[in-house]
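The model shown is predicted, which means the values in this text are computed figures rather than measured ones. We name chains A, B, ... by the order of the sequence lines, and we start the count at 1 in each one.
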There are 2 protein chains.
Amino acid sequence: MPSPKATVDRVFHALGDPTRRAIVEKLSERPLSVSQLATPLDITLTAVVQHLQVLEESGLVHTEKVGRVRTCRIETAGLAALEQWIDDRRSLWERRLDRLGDLLAESDESE
Amino acid sequence: MPSPKATVDRVFHALGDPTRRAIVEKLSERPLSVSQLATPLDITLTAVVQHLQVLEESGLVHTEKVGRVRTCRIETAGLAALEQWIDDRRSLWERRLDRLGDLLAESDESE
DNA sequence: TTGTTAGTGAAGTGGCAACTTCAGTATCAG
DNA sequence: CTGATACTGAAGTTGCCACTTCACTAACAA
């Protein structure tokens, strides 16, 4: 299992690019072939394949080739890692607000 | 209100950079001054300020200057936008799996 | 077999953004 | 006042990465 840190790095880097985000958005609706992805994106097939490699390495997309056509679909791992990171941040941040709340409560008592 | 699309673009771009993510991670623990942020990051103060500008424009961080010290803290809007995007993707993706499930159920009935 | 479709691989280019330097301006301490 | 701290702003450099071209192979159709 790769370190979660490295995974999160990859996922954020992957989704940092608007074209790759567009690909993920398309694929959350339905699986598509590489050419089907390329057509509306207005970039070359080669570029799309390069994006797909990044997305696959980051666990956001899974692709499988049957015959001469490569079918791409969303994979859960990537988005899950992303969500985990957000949850971690939020829990740290809320814990801090809780402590702050405690302090305020204490000072209320002493009045 | 800016279009959510533009906001999401900004947030993803902001978090695509590892240094900015490190800043957000630090700030989810506690508010910090610009210099306090810069010290462990091993880059110049100027660079940190530039990152902070990006983070502020994307709604991930709020900063406020009092005296000569600028204090930085996490803001909810950015992470919320991110989470919204993830939820949208997941709901599309699950809806698709549901339809798939319905189809399978139907074919079960007809056996 | 010939042609077409679908994708692969290597190699090069251009632009942007992360970072630096340097020269400033306030703020506060002594 | 002097000096130190905490930033600010402009301007330049550099490396990376998104994208391209072109040459290629594999699958399928006629």
Side-chain angles (χ1 to χ4, degrees), chain A residues 5-27 30-75 78, chain B residues 5-27 30-75 78:
Chain A
K5 171 101 169 69
T7 304
V8 168
D9 279 1
R10 270 192 266 267
V11 171
F12 270 113
H13 171 248
L15 293 177
D17 180 84
T19 305
R20 280 194 290 263
R21 230 156 42 237
I23 292 178
V24 169
E25 287 170 6
K26 291 258 177 218
L27 291 182
R30 74 182 81 67
L32 292 169
S33 74
V34 178
S35 337
Q36 285 174 323
L37 278 171
T39 305
L41 285 178
D42 208 49
I43 54 177
T44 59
L45 243 191
T46 308
V48 174
V49 172
Q50 286 165 359
H51 283 308
L52 285 169
Q53 271 160 9
V54 174
L55 289 168
E56 199 157 14
E57 282 163 13
S58 66
L60 283 160
V61 163
H62 175 74
T63 78
E64 195 184 2
K65 192 165 184 179
V66 39
R68 52 179 174 171
V69 82
R70 178 174 295 278
T71 303
C72 315
R73 51 187 83 242
I74 280 263
E75 192 170 20
Chain B
K5 172 100 169 69
T7 305
V8 168
D9 278 0
R10 270 192 266 266
V11 171
F12 270 113
H13 170 249
L15 293 177
D17 179 83
T19 304
R20 281 194 289 265
R21 229 155 43 237
I23 291 178
V24 169
E25 288 170 6
K26 291 261 176 214
L27 292 181
R30 76 183 82 67
L32 292 169
S33 74
V34 178
S35 338
Q36 283 173 324
L37 278 171
T39 305
L41 285 178
D42 208 49
I43 55 177
T44 60
L45 243 191
T46 307
V48 173
V49 172
Q50 285 165 1
H51 283 307
L52 284 169
Q53 272 160 9
V54 174
L55 288 168
E56 200 157 13
E57 281 163 14
S58 65
L60 284 160
V61 163
H62 176 74
T63 79
E64 195 183 0
K65 192 164 185 179
V66 40
R68 53 181 174 169
V69 167
R70 178 172 296 277
T71 303
C72 315
R73 50 188 83 244
I74 280 264
E75 192 170 19

Answer whether the closest heavy-atom distance between the side chains of [X] and [Y] falls below 4.5 Å.
| X | Y | value |
| --- | --- | --- |
| B:C72 | B:L32 | no |
| B:R20 | B:H13 | yes |
| B:H51 | B:L41 | no |
| A:Q50 | A:T46 | yes |

> Where along nucleotides 17-30 of chain C does protein come under 4.0 Å, by heavy atom, of base (B) or sugar-phosphate alone (S), with - for untouched nucleotides?
Replying inline: -SBBBB----BS--

> With Watson-Crick and G-U wobble geometry limited to distances under 3.5 Å, how should the secondary structure of DNA chain C be encoded in dot-bracket form, using | for bases paired to another strand and [ ] for crossing pairs?
Replying inline: ||||||||||||||||||||||||||||||

> If every non-hydrogen atom of A:L37 is compared with every non-hydrogen atom of A:L52, which pair is closest and at what distance?
Replying inline: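 Smallest heavy-atom distance, with atoms named: CD1-CD2, 4.1 Å.
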
>> Without decimals, in angstroms, what is the distance between B:E64 CD and D:dA6 P?
In response: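 Answer to the nearest Å: 18 Å.
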
> Once you round it to whole Å, what is the distance between P of D:dC17 and CD of A:Q53?
Replying inline: 14 Å

> Looking at A:Q53, A:E75, A:E56, which hits side chain to side chain donor-acceptor pair (under 3.5 Å) with A:T63?
Replying inline: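 For A:T63, the side chain to side chain donor-acceptor pair (under 3.5 Å) check succeeds only for A:E56.
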
> Picking from A:R73, A:H62, A:E64, A:K26, what satisfies side-chain contact (heavy atoms from CB on, under 4.5 Å) with A:P31?
Replying inline: A:R73

> What residues form a side chain to side chain donor-acceptor pair (under 3.5 Å) with B:E25, not counting sequence neighbours?
Replying inline: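 Once residues adjacent in sequence are excluded, the partners of B:E25 under the side chain to side chain donor-acceptor pair (under 3.5 Å) criterion are A:W85.
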
